[in-house]
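As a basis for the values below, the full set of heavy atoms in this structure was taken, side chains included, without hydrogen atoms, waters or symmetry mates.
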Amino acid sequence: MTASTLDSATQAAPVQGGLLAVDGLTLEVRVSPRRKRFALTVELDAAVTLHAPRGRSAADAVDFVRAHRAWVADKVALRERTRPLTPPKRLVEGEVFRYLGRTYRLTVDHERPAGAPVRAVAGRLVLSAAQAAETTLGRAALTAWYCRSGRRWAVGRLQPWAARMGVPEPALEVSDLGGRWGSYRPSPDNREKGRMRLGWPLFQLPMHLVDYVVAHELAHVRVHGHGPDFWALLGRALPEYEERRAELDELGRRMWMGDIA
């Protein structure tokens, strides 16, 4: 059912999670009781998500999408031009992985216990033979290593950047964000720390690009959205943010996102 065929009852009903079609554009709708306004995101695969407050009508959602149709078209075109180029990894001896811009080769250790965590030793990532033989186990072990190592490194970067930007230091989590580099969510009651989440693939990139994402998400502690105030705050802390953003767009699409051959 397209937006143009919504009857009056449907238009007045609260928007629901699921799919919404607006003028030939299909969006995934995510409804949140914490959200106060509509927002749109365009994912790495060019899929479009509408984030909606609970209780707003379907007609309001359609109007918001239509008002931002040109922005969505530009972002979708950008995603299409910058689709990831990196092929899947193989869990074999010598496969190349990256961490903070450095190259690590995979070592498959036949003596290592099956469930042992991945460890980095002298430029190598050591994986057990059982994990290398089972792609699900191998991927989980490698991404868990990126989460542990990335969080350990990023914790030390968070406080200096928060101090530079004059914002409270949020709680930090590193996990799988489904292709996003990072996100920030404020505390629901503003009495506790907000939470910054960083995607584990981010930690393959050079340190200065990880710093850019950290600073970007910290700017959201003070400013919601990406309006002029947001970029002004980020620019005061990181004057070269435009160059780093462009570098992230180009280099980021070459990073491994977890696919195993």
Return the [atom1] to [atom2] distance between [X] and [Y], rounded to the nearest 0.5 Å.
{"X": "R102", "Y": "M207", "atom1": "CZ", "atom2": "CE", "result": "8.0 Å"}
{"X": "Y212", "Y": "E217", "atom1": "OH", "atom2": "CD", "result": "9.0 Å"}
{"X": "L78", "Y": "K75", "atom1": "CG", "atom2": "NZ", "result": "6.0 Å"}
{"X": "L127", "Y": "R119", "atom1": "CG", "atom2": "CZ", "result": "12.0 Å"}
{"X": "L202", "Y": "L177", "atom1": "CG", "atom2": "CG", "result": "9.5 Å"}
{"X": "S57", "Y": "D63", "atom1": "OG", "atom2": "CG", "result": "7.5 Å"}

Looking at [X] and [Y], what are the two nearest heavy atoms and their distance?
{"X": "P88", "Y": "A261", "result": "CB-N, 3.6 Å"}
{"X": "G194", "Y": "Y184", "result": "CA-OH, 3.5 Å"}
{"X": "V92", "Y": "L106", "result": "O-CD2, 3.5 Å"}
{"X": "G179", "Y": "M257", "result": "CA-CE, 3.8 Å"}
{"X": "A154", "Y": "L198", "result": "CB-CD1, 4.1 Å"}
{"X": "A219", "Y": "F230", "result": "CB-CE1, 3.3 Å"}

Could you please spell out the steps behind the side-chain hydrogen bond (donor to acceptor under 3.5 Å, both in side chains) verdict for R54 and S32?
CA-CA 6 Å; R54 180 175 292 174; S32 171; over 6 Å; no
Check for me, please, whether [X] and [Y] land in the same ILVMFWY cluster - side-chain distances under 4.5 Å, paths through other members count.
{"X": "W71", "Y": "V65", "result": "yes"}
{"X": "L50", "Y": "L25", "result": "yes"}
{"X": "V155", "Y": "L100", "result": "yes"}
{"X": "L125", "Y": "L137", "result": "no"}
{"X": "M165", "Y": "V221", "result": "yes"}

Is it the case that the side chain of [X] and the backbone of [Y] share a donor-acceptor pair, with hydrogens and angles ignored and the cut-off at 3.5 Å?
{"X": "E173", "Y": "R197", "value": "no"}
{"X": "R112", "Y": "P117", "value": "yes"}
{"X": "R148", "Y": "T143", "value": "no"}
{"X": "E28", "Y": "T49", "value": "no"}
{"X": "E134", "Y": "Q131", "value": "no"}
{"X": "K89", "Y": "D259", "value": "no"}
{"X": "T107", "Y": "V126", "value": "no"}
{"X": "R195", "Y": "S187", "value": "no"}

D60 vs R37, salt bridge (Lys or Arg N to Asp or Glu O under 4.0 Å): CA-CA, chis, key distance, verdict:
CA-CA 11 Å; D60 287 342; R37 65 189 74 183; over 6 Å; no
Parallel, tilted or perpendicular: rings of Y99 and Y146 (30°, 60°):
tilted
Would you call the rings of H216 and H226 parallel, tilted or perpendicular if under 30° counts as parallel and over 60° as perpendicular?
tilted
Establish, yes or no, whether a centroid distance under 6.0 Å links the rings of [X] and [Y].
{"X": "H68", "Y": "F64", "value": "yes"}
{"X": "W256", "Y": "W200", "value": "yes"}
{"X": "H51", "Y": "F38", "value": "no"}

If you define the side chain from C-beta out and look only at heavy atoms, does anything of S128 sit under 4.5 Å from V108?
no
Report yes if the side chains of P53 and K36 come closer than 4.5 Å at any heavy-atom pair, otherwise no.
no
Salt bridge check: are D211 and R157 linked by an N-O gap of less than 4.0 Å?
yes
Salt bridge (Lys or Arg N to Asp or Glu O under 4.0 Å) assessment of D23 paired with R69
CA-CA 9 Å; D23 301 338; R69 191 66 172 85; 5.6 Å; no
For R244, the option from V213, L238, L234 that meets side chain to side chain contact (heavy atoms under 4.5 Å, CB included)
L238
For H208 and E247, test the side chains for any donor-to-acceptor distance below 3.5 angstrom and give the result as yes or no.
yes
Can you check side-chain hydrogen bond (donor to acceptor under 3.5 Å, both in side chains) on R98 and T103, steps first, answer last?
CA-CA 5 Å; R98 295 188 181 278; T103 296; 2.9 Å; yes
